[in-house]
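Have a look at the structure below before the remarks.
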Amino acid sequence: MQKLTRFTAAFGSMAVMMVLAGCRQDMHDQPKFFPQRGTTLYTDGRSVRPQVENTVAREQLRQDTYFYTGLVDGKEGDGLPFPVTTEVLKRGQERYNIYCTPCHSRVGNGEGMIVQRGYAKAGDFHIARLENAPLGHFFHVMTYGYGAMPEYAAQVTPEDRWAIAAYIRALQLSQHATQADVPAGAHVEPLTEVAEHEGLSAAFIQEWHVPATAVTGTPDNEPLALPAPGSDSTKPATNPAAKQPAANPGAAPKK
Ligand code: HEC
């Protein structure tokens with residue numbers, strides 16, 4: 001009896017599988033549209049159908065033009081289209097650090113890592129023109145790009161673009177902050193103090209210089225063993241790494 005049940009179960013599931021497989025084939029062969037391919041079904045030959053007249057697709061009703069363009073009567077407007085809160089600034093800081101710092105750096109001076117590696121100098125947010133620029137300008141630059149800067153509309157939502165614009169303004173203000181800018185009783189901490197209680201050297205607050213070996217060195221941070229300048233005309237005549245000792249005193253000597 002048990003044997004028979006097992007046989008029925010096995011046979012049954014096989015039959016189901018065969019039926020399903022057949023089904024799949026049918027669905028595979030059914031008439032359907034392929035993206036961007038023509039069709040004979042419609043007289044205009046297009047498989048991608050135009051939007052029905054006088055209708056608006058979801059997410060396409062962009063009634064709040066300022067929110068989506070940053071423009072008021074064709075001119076860059078100032079102010080956020082929604083209230084600024086600590087959450088908005090935190091979100092802006094997070095998004096800024098992800099999307100903008102590679103070129104603009106964390107402090108917004110336009111000396112990010114990609115620029116240090118040769119990309120066009122990115123905008124310095126602390127020049128007078130940008131300090132006085134309306135918030136809509138930052139939104140507009142992110143949305144449409146600016147000169148050598150690509151647009152970020154595809155990666156960053158309009159809401160996040162505004163949050164970033166708000167954060168950039170805070171970043172700009174922070175550069176000239178004084179005790180008078182904070183509520184009475186709050187303490188403005190100079191960077192020297194921050195460095196001290198974080199146990200960092202005083203040099204931490206000075207400009208950072210990328211050691212030449214970090215650019216041209218091997219993964220071990222050892223300078224590349226290049227021939228002396230001039231010994232081979234097919235190689236670049238000078239290499240900063242060849243002239244300098246290893247700029248990483250902490251690295252253990254190779255045995
Ligand atoms: C791939 C590098 C790169 C990234 C990433 C980048 N930018 Fe830029 N940005 C540039 C460069 C280069 C310029 C200078 C463009 C020029 O003057 O041709 C620039 C200029 C600017 C300017 C100045 C425009 C002006 O009026 O002079 C603003 C504002 C700006 N970027 C904002 C941002 C924001 C916000 C982000 C992050 C969403 C961002 N950028 C990400 C490269 C970058």
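FYI, the numbering just counts along the sequence from 1. Ligands are counted one by one from 1 in listed order, and the atoms in each one are counted from 1 as well. Everything numeric here is computed off the predicted structure, so don't read it as measured data.
Not one N or O of Y152 is nearer than 3.5 Å to an N or O of ligand 1, by distance alone.
Nearest-residue assignment for atom 42 (C) of ligand 1 (options R95, M149, M142; heavy-atom criterion): M149. Here atom 27 (O) of ligand 1 lies nearest to R129 when heavy atoms of R161, R129, H137 are compared. Of the candidates F138, F139, Y146, F125, the one placing a heavy atom closest to atom 32 (C) of ligand 1 is F125. Taking each of G92, C103, A148 in turn, the one with a heavy atom nearest to atom 43 (C) of ligand 1 proves to be C103.
Proximity to L130 (heavy-atom distance under 4.0 Å) selects the following atoms of ligand 1: 23 (C), 25 (C), 26 (O). Under a 4.0 Å criterion applied to the non-hydrogen atoms of G147, ligand 1 contributes the atoms 18 (O). In summary, the atoms of ligand 1 found under 4.0 Å from a heavy atom of I164, numbered by their order in the structure, are 35 (C). Taking every non-hydrogen atom of I168 and a distance limit under 4.0 Å, the qualifying atoms of ligand 1 come out as 35 (C).
Atom 8 (Fe) of ligand 1 has an N, O or S atom of H104 under 2.8 Å away, backbone or side chain.
Of the possible polar contacts, one joining the Q179 side chain to the A186 backbone as a donor-acceptor pair under 3.5 Å is found. Using a distance-only test at 3.5 Å, with no hydrogens or angles considered, no donor-acceptor pair links the side chain of Q93 to the main chain of N97. Using a distance-only test at 3.5 Å, with no hydrogens or angles considered, a donor-acceptor pair links the side chain of N132 to the main chain of A128. Proximity of a side-chain donor or acceptor of H140 to a complementary backbone N or O of T69 within less than 3.5 Å is not detected.
Aromatic rings of Y66 and W162 (six-membered ring for Trp) have centroids within the 6.0 Å cut-off, being under it.
Residue contacts with ligand 1, taken as heavy atom pairs separated by less than 4.0 Å, do not involve I114 at all. Residue contacts with ligand 1 for K121 involve N, CA, C or O but no side-chain atom from C-beta outward (heavy atoms, distance under 4.0 Å). The proximity of C100 to ligand 1, defined as any non-hydrogen pair under 4.0 Å, involves the side chain as well as the backbone. At a 4.0 Å heavy-atom cut-off, ligand 1 does not touch Y96 at all. The residue V115 has no part lying near ligand 1, judged by heavy-atom distances below 4.0 Å. When non-hydrogen atoms are compared, ligand 1 lies under 4.0 Å from neither the backbone nor the side chain of V156.
In this structure, Y42 and F33 have tilted ring planes: the angle between them lies in the 30° to 60° band.
Residues L171 and V107 form no side-chain contact, since every pair of their non-hydrogen atoms from C-beta on lies 4.5 Å or further apart.
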Next on the checklist: side chain to side chain donor-acceptor pair (under 3.5 Å) for E131 and Q175? Distances and angles first, verdict last.
Outcome noted: CA-CA 11 Å; E131 276 183 347; Q175 302 299 298; over 6 Å; no
